[in-house]
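Structure record follows, encoded as structure tokens.
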Amino acid sequence: MFVMPRVLPSSFFRRSVLAVAPDLLGKFLVRRVGGETLSVMITEVEAYDGPHDKACHASRGKTPRNAVMFGPSGRWYAYFVYGMHWMLNIVTGEKDYPAAVLIRTAGEFTGPAKLTKALRIDRVLNGKPAGKKSGLWIEDRGVKVLPNQMRRTPRIGVAYAGIWAKKHYRFVLSKPKERNT
DNA sequence: ACGATGATGAAC
DNA sequence: TTCATCATCGTA
């Protein structure tokens, strides 16, 4: 059955980050830049949940870098880290509640820095709404992901975050051979 | 296991 | 103004 591609609206993101994150698995990240369009299926994400989450940038209050997370949902939060890499997040939840989903892996691009490099994502996207106008958006193409087709694990690279490092806020789509199809 | 590489935020 | 840290990756 063919399902017309649907661009996810901001209302999709105006929910708990722990609800949005698993719902992004199987969705398509679409990048239109320089006359080219590339779309890749999202297979790994992480949730960063509010001011109390010590792994979340917002846990130390609002700053110039993380300000976008305090704004409306459905906008890109792109930031520079380790002196060379860009990370791509989508803001979730109500305005003034800082939360976002980090998109770690999509299509053939393994790892959040390799993904942003391949899709030419940098500071230009930060704060822009996800949508065709910004050249970067997410589509629902009808792929259904059941709970038994995903794994939950602790987040990567946040060992400093105490009990928050142990929470299973990372969601990974199972490999095709492990999938129920 | 570690260095690359520079922005960020907190301390001074 | 300095300094430690960092939601990573490639090489060893």
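Each chain gets a letter, A, B and so on, in the order its sequence line appears, and its residues count up from 1.
With sequence neighbours excluded, the residues satisfying side chain to side chain contact (heavy atoms under 4.5 Å, CB included) with A:Ala99 are A:Val17, A:Asp49, A:Thr92, A:Tyr97. Not counting sequence neighbours, the partners of A:Glu44 by the side-chain hydrogen bond (donor to acceptor under 3.5 Å, both in side chains) test are A:Arg104, A:Thr105, A:Arg170. In terms of the side chain to side chain contact (heavy atoms under 4.5 Å, CB included) criterion, A:Lys133 has no residue partners (sequence neighbours excluded). Remark: A:Ser10 engages A:Arg14 in a side-chain hydrogen bond (donor to acceptor under 3.5 Å, both in side chains) (not counting sequence neighbours). Residues passing the side-chain hydrogen bond (donor to acceptor under 3.5 Å, both in side chains) test with A:Asp53 are A:Arg155, sequence neighbours excluded.
Taking 4.5 Å as the limit, every side-chain heavy atom of A:Pro98 sits out of range of all side-chain heavy atoms of A:Lys62. Between A:Val158 and A:Trp164, every side-chain heavy-atom pair lies at or beyond the 4.5 Å cut-off.
Note that the first and last nucleotides of DNA chain C, 5' to 3', having any atom under 4.0 angstrom from a heavy atom of chain A are C:dC6 to C:dG10.
Residues of residues 157-164 of chain A having a heavy atom closer than 4.0 Å to DNA chain C, listed by number: A:Gly157, A:Val158, A:Tyr160. Sorted by residue number, the members of residues 89-109 of chain A with any non-hydrogen atom under 4.0 Å from DNA chain C read A:Asn89, A:Leu102, A:Arg104.
With rounding to the nearest 0.5 angstrom, the NZ atom of A:Lys167 is 10.0 Å from the CZ atom of A:Arg152. Here the CG-CG distance, from A:Leu102 to A:Leu88, works out to 7.5 Å after rounding to the nearest 0.5 Å. The distance from atom CZ of A:Phe70 to atom NZ of A:Lys95, rounded to the nearest 0.5 Å, is 10.5 Å.
Here the shortest heavy-atom pairing between A:Lys54 and A:Ser59 reads O-OG, 3.7 Å. Of all non-hydrogen atoms in A:Pro129 and A:Ser134, the two that sit nearest each other are O-OG, 2.8 Å.
The separation of B:dT5 from C:dT2, taken at their P atoms, amounts to 22 Å, rounded to a whole angstrom.
A:Ala113 comes within contact range of the sugar-phosphate backbone alone, with a heavy-atom separation under 4.0 Å but no base atom that close.
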Footprint string (nucleotides 3-12 of chain B, 5' to 3'): B base within contact, S backbone only, - free, heavy atoms under 4.0 Å: -BBBSSSS--
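Stem regions annotated for DNA chain C: B:1-4 with C:8-11, B:6-11 with C:1-6, counting only runs of 3 or more consecutive pairs of Watson-Crick or G-U type with both contacts under 3.5 Å.
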Return a table of donor-acceptor pairs under 3.5 angstrom between the side chains of residues 26-33 of chain A and protein atoms on other chains or two or more places apart.
from: A:Lys27; atom 1: NZ; to: A:Asp23; atom 2: O; distance (Å): 2.8
from: A:Arg31; atom 1: NE; to: A:Leu119; atom 2: O; distance (Å): 2.8
from: A:Arg31; atom 1: NH1; to: A:Gly135; atom 2: O; distance (Å): 3.3
from: A:Arg31; atom 1: NH2; to: A:Arg120; atom 2: O; distance (Å): 2.8
from: A:Arg32; atom 1: NH1; to: A:Thr37; atom 2: OG1; distance (Å): 2.6

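Residue pairs satisfying the side-chain hydrogen bond (donor to acceptor under 3.5 Å, both in side chains) criterion with at least one member in residues 76-91 of chain A, sequence neighbours excluded, are listed as follows: A:His57-A:Tyr77.
If you run side chain to side chain contact (heavy atoms under 4.5 Å, CB included) between A:Tyr169 and each of A:Leu18, A:Val45, A:Thr153, only A:Leu18 comes through.
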